[in-house]
Amino acid sequence: MTDFTMQKGDDGVAVITWDVPGKSMNVLSMDGAGELSNLIDDALADAAVKGIVITSGKADFAAGMDLNVLAQMKEGGAQTVFDGVMSLHHLLRKIELAGMDRKTQKGAKPIAAALPGTALGIGLELPLATHRIFAANNLKAKIGLPEIMVGIFPGAGGTTRLIRKLGAMAAAPLLLEGKLNDPAKAKASGVIDEVVDDPVAAAREWVLKATDADLVKPWEQKSYKMPGGSPYTPGGFMTFLGASAMVMGRTMGVYPAAKGLMSAVYEGSLVDFDTALKIEARWFTHVLMNPSSTNMIRSLFINKEALEKGANRPEAPDQRVRKLGVLGAGMMGAGIAYVSANAGIEVVLIDSTQEAADRGKSYSTGILDKGISRRKVTEEKKAEVLGRITATTDYAALDGCDLIVEAVFEDPSVKADVTAKAEAVIPEDAIFATNTSTLPISDLAKASKRPDQFIGIHFFSPVDKMALVEIIRGQQTGDRAVAKALDFVRQIRKTPIVVNDARFFYANRCIIPYINEGIRMVGEGVNPTLIENAAKLMGMPLGPLQLVDETSIDLGVKIAKATKAAMGEAYTDQDVDAVIFKLADEDRMGRKAKAGFYDYDEAGKRQDLWSGLGTNWPRAEDQPELTEVQHRLMFVQALEAVRALEQGVLTDIREGDVGAILGWGFAPWTGGPFGWLDMLGAGGAVEIAEKLAAEHGDRFAPPALLRDMADRGESFYGRFGAERQAA
């Protein structure tokens with residue numbers, strides 16, 4: 001079986017089809033690249049072949065380079081990576097020149113790309129090397145270069161070609177943000193050339209009519225000037241200056257891929273095309289060899305994909321959901337109803353009044369209407385999704401549901417009441433899930449007649465936008481319930497992690513200490529601006545004070561009171577309570593109240609930090625170093641993740657890292673808390689934690705597991721990752 005095959009037609013057009021066996025989408029391996037190179041050589045040498053069309057045997061043209069291959073290349077060292085990348089450059093340059101005489105710029109054979117569907121990464125870099133790109137009129141297709149999202153950048157010529165084709169300004173959203181477009185928008189932006197009903201037929205027709213002039217790329221012409229200007233032209237200078245400022249503003253300088261991309265673009269713009277490709281390969285190698293790149297690829301691609309495919313799913317028959325019951329039509333329940341109906345699941349949405357149930361269904365209407373206004377949803381699709389949602393007060397409507405998700409108030413008595421009402425009518429084999437962020441699943445399961453069929457499914461808000469779902473196994477939860485929850489999460493196209501029951505589960509037990517540490521520092525007199533910027537400079541999407549404003553201060557007060565009641569004398573966050581209780585007393589409840597740690601305008605837009613912070617908690621004369629503040633904010637999360645693993649709440653570090661990034665935005669450039677600790681080294685982490693503990697308290701004391709790893713010279717992925725990968 002081969003990845004590429006070629007069929008030579010009687011009309012003189014050779015069609016090369018990319019179809020990787022056994023995969024749902026095409027990826028390019030080094031062996032596959034060799035196959036393609038041989039076929040190109042054959043077609044160029046055959047006098048009967050007038051031109052070539054490269055297309056796909058799948059609905060999606062390609063997903064990109066197999067990142068597992070990149071990981072293997074990295075094991076061989078920088079030279080192996082560079083040589084591998086340069087071999088791809090030679091292949092794509094062969095396609096681009098297609099036998100052309102470089103002096104006369106004649107004699108080339110036309111090569112066109114025909115894209116039936118999605119083209120990402122190398123799936124677009126390869127077509128960019130052809131002479132004309134034809135894409136099917138497929139609204140579901142996405143075209144772009146999303147490599148930056150997993151810690152690398154387009155390194156097979158995509159960066160150099162797109163910059164020369166569009167200019168730095170127009171290419172920036174595609175390269176620096178990984179923006180994906182449908183075919184029509186990709187054509188409008190100049191990325192592809194034609195959108196047609198039959199791309200292979202159109203490409204074939206063009207190949208037979210192409211002239212020598214059609215086969216000379218703009219950058220091969222002596223008169224070529226980069227759109228928008230090169231770095232040392234008046235227009236280009238401002239573009240590159242602005243782009244550099246934009247990258248630093250968005251990445252805070254912690255993402256190596258963004259820096260490497262900008263360097264490749266800037267340096268490559270000053271030299272000829274072939275030298276620019278070599279520069280691109282060198283910077284790509286530099287980025288790939290960086291631990292950040294390794295960690296991001298591992299967490300955001302390899303591990304994320306493994307979890308979505310059911311890496312930790314118990315053995316059980318197919319548990320896909322046919323009919324879902326959602327109890328509670330508030331923001332959370334309404335969001336769950338929408339994502340489920342949008343995935344093709346029949347939904348019964350129940351609340352205590354018909355008005356509340358209807359209001360919950362209208363949440364879906366609002367999302368779909370917004371999609372229509374952006375031309376991403378049709379009226380037919382809207383009617384289809386809404387038609388799957390039945391909003392009612394009648395529990396009898398739950399008859400036939402195979403999964404129930406309860407999303408009512410965080411009150412055990414309320415949850416117990418709706419559990420009993422639902423179990424009175426649902427089938428005996430139905431699984432009951434509670435959506436809770438703080439209440440122990442094992443305690444809530446006491447209200448169920450079937451605790452082995454009772455499980456926690458913790459959604460993050462807003463449900464339609466957040467990618468992570470935390471599945472919590474209670475003390476009596478059975479394997480079928482876990483399999484059901486995992487299959488459901490896969491149906492709604494989100495990423496699951498499975499954790500064992502404990503206070504705050506995994507995500508909240510790590511993010512609450514982050515918030516608390518920021519609040520604690522305010523009480524100590526640390527400049528709030530320093531606190532917020534220290535977090536952002538480490539790659540956290542929100543500082544701890546902004547985050548608590550977004551989630552609401554009254555919720556923080558409620559959690560603090562409940563935690564203190566449960567822990568008694570073991571409770572240690574009194575200094576945090578002194579700050580948030582004071583804010584609550586002054587009705588500064590966060591963004592929803594337009595007053596919290598920050599001030600807000602009448603429209604609710606965040607302004608500056610509240611000046612009253614300095615009045616209530618005067619600034620200390622001696623402010624801590626930036627690094628100390630960063631270590632406090634990062635270690636308080638990472639050490640809690642280690643404790644979760646040590647105590648058996650987490651059973652897989654892959655889930656710990658993926659869950660941290662997707663759940664609360666733990667500095668994605670690190671690959672997650674375990675990836676970050678591996679970067680530091682267990683010994684280095686213990687040393688920093690001990691210093692923090694001596695100065696700030698036992699919450700920073702290194703867990704026994706981390707100390708043991710330091711003593712043995714081990715890493716988390718060395719100790720816990722290898723056996724999982726093998727399994």
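By convention here, the first residue in the shown sequence is residue 1. Here the structure is a predicted model, which is why all the values come from computation and not from measurement.
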**Asked** Are any of the side-chain nitrogens in Arg450 or Glu428 under 4.0 Å away from the carboxylate oxygens of its partner?
**Response** yes
**Prompt:** Counting only heavy atoms not in Asp698, do more than 12 fall under 6.0 Å of its CG?
**Reply:** no
**Item:** Side chains of Ser442 and Gln476, donor plus acceptor under 3.5 Å
**Value:** no
**Asked** With the threshold set at 4.0 Å, does a side-chain nitrogen-carboxylate oxygen contact exist between Arg654 and Asp657?
**Response**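 Answer for the salt bridge query: no.
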**Request:** Search all heavy atoms of Lys594 against all heavy atoms of Asp601 and return the closest pair with its distance.
**Result:** CD-O, 3.7 Å
**Asked** Quick one: OH on Tyr506 to CH2 on Trp664, what's the gap to the nearest 0.5 Å?
**Response** 4.0 Å
**Message:** How about CE on Met466, more than 12 heavy atoms from neighbouring residues, nucleotides or ligands closer than 6.0 Å, or not?
**Reply:** yes
**Asked** Is Asp711 salt-bridged to Arg707, cutoff N-O under 4.0 Å?
**Response**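 Not counted as a salt bridge, because no side-chain N and carboxylate O are separated by less than 4.0 Å.
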**Request:** Using modelled atom types only, decide if a donor and an acceptor are shared between the side chain of Gln491 and the backbone of Ser340 within a distance under 3.5 Å.
**Result:** no
**Asked** If you count the non-hydrogen atoms of other residues, nucleotides and ligands that lie under 6.0 Å from CD in Gln574, is the total more than 12?
**Response**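 Yes - once you tally the heavy atoms of other residues, nucleotides and ligands closer than 6.0 Å, there are more than 12.
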**Asked** Would a distance-only check, ignoring hydrogens and angles, find a side-chain to backbone donor-acceptor pair under 3.5 Å from Gln319 to Phe488?
**Response**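 Side chain of Gln319 to backbone of Phe488: no pair is present.
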**Greater than 12 external heavy atoms within 6.0 Å of Gln647's CD** =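 Counting other residues, nucleotides and ligands, CD of Gln647 exceeds 12 neighbours.
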**Message:** Taking atom CD as the centre, does Glu646 end up with more than 12 heavy-atom neighbours from other residues, nucleotides or ligands that are less than 6.0 angstrom away?
**Reply:**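 Result for CD/Glu646: enclosed.
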**Prompt:** Which distance, rounded to the nearest 0.5 Å, do you find between the CE of Met521 and the CD of Glu628?
**Reply:**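 The CE atom of Met521 sits 8.5 Å away from the CD atom of Glu628.
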**Prompt:** Measuring from Asp501:CG to Thr477:OG1, what's the distance to the nearest 0.5 Å?
**Reply:** 7.5 Å
**Asked** Under 3.5 Å, side chain of Asp464 to main-chain N/O of Gly335, donor-acceptor pair present?
**Response** no
**Request:** Look at Glu714 together with Arg719 and state whether they make a salt bridge at an N to O cut-off of under 4.0 Å.
**Result:** yes
**Message:** Given Ile519, which partner from the list Leu583, Leu545, Ile553 fulfils the side chain to side chain contact (heavy atoms under 4.5 Å, CB included) test?
**Reply:** Leu545
**Prompt:** When the ring planes of Phe635 and Trp676 are compared, do they come out parallel, tilted or perpendicular, using 30° and 60° as the limits?
**Reply:** perpendicular
**Asked** Where the side chain of Asp573 meets the backbone of Val576, is there a donor-acceptor pair that is under 3.5 Å apart?
**Response**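 Judged by distance alone, no pair lies under 3.5 Å.
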**Request:** Look at Lys415 together with Glu406 and state whether they make a salt bridge at an N to O cut-off of under 4.0 Å.
**Result:**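 Result for this pair is yes, salt bridge flagged.
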**Item:** Nearest non-hydrogen partners of Val658 and Lys304, listed with the distance
**Value:** CG2-N, 3.9 Å
**Asked** Does a side-chain N-to-carboxylate-O contact under 4.0 Å join Asp554 and Arg588?
**Response**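 No, Asp554 and Arg588 are not salt-bridged.
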**Request:** Mark yes when over 12 heavy atoms from residues, nucleotides or ligands other than Phe409 sit less than 6.0 Å from its CZ; otherwise mark no.
**Result:** no
**Message:** Between Glu569 and Met567 (side chain of the first, backbone of the second, donor and acceptor by atom type, cut-off under 3.5 Å), is there such a pair?
**Reply:** no
**Asked** So, Glu470 and Lys494, do they make that salt bridge, N to O below 4.0 Å?
**Response** no
**Request:** Please report the closest heavy-atom contact between Pro314 and Ala483, naming both atoms and the distance.
**Result:** CD-N, 4.2 Å
**Message:** Looking at Asp452 and Arg480, is any side-chain nitrogen of the basic one under 4.0 Å from a carboxylate oxygen of the acidic one?
**Reply:**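 The answer is no: the pair does not qualify as a salt bridge.
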**Prompt:** Heavy-atom count around Glu355 CD within 6.0 Å, excluding the residue itself: above 12?
**Reply:** no
**Asked** Side chains of Arg619 and Val526: closer than 4.5 Å at any heavy-atom pair?
**Response**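 Answer no - side chains too far apart.
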**Note: Arg520-Asp575 ion pair, threshold 4.0 Å (strictly below)** = yes
**Message:** Using 0.5 Å steps for rounding, measure from the OG atom of Ser461 to the CE atom of Met332.
**Reply:**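 One gets 4.5 Å once the value is rounded to the nearest 0.5 Å.
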**Item:** Cation-pi check, Arg606 onto Tyr598 ring (under 6.0 Å, within 45° of axis)
**Value:** yes
**Item:** Under-4.0 Å salt bridge between Glu517 and Arg699
**Value:**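 Salt bridge present between Glu517 and Arg699.
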**Message:** Would you call the rings of Phe700 and His696 parallel, tilted or perpendicular, taking 30° and 60° as the class edges?
**Reply:**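 Taking His696 first and then Phe700, their aromatic rings stand perpendicular (interplane angle over 60°).
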**Asked** Would you say Asp549's side chain and Phe597's backbone share a donor-acceptor pair under 3.5 angstrom?
**Response**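 Flag set: sc Asp549 to bb Phe597 pair under 3.5 Å.
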**Heavy atoms of other groups near Lys564 NZ, more than 12 under 6.0 Å** =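 No, not enclosed.
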**Asked** For Glu308 and Thr495, does a side-chain donor sit closer than 3.5 Å to a side-chain acceptor?
**Response**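 Short answer, yes.
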**Fill in**
d(Ile457 CD1, Lys484 NZ) to nearest 0.5 Å is 10.0 Å
**Asked** Is Asn342 reaching over with its side chain to a backbone N or O of Tyr338, donor-acceptor style, under 3.5 angstrom?
**Response**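 Side chain of Asn342 to backbone of Tyr338, a donor-acceptor pair under 3.5 Å: no, none is there.
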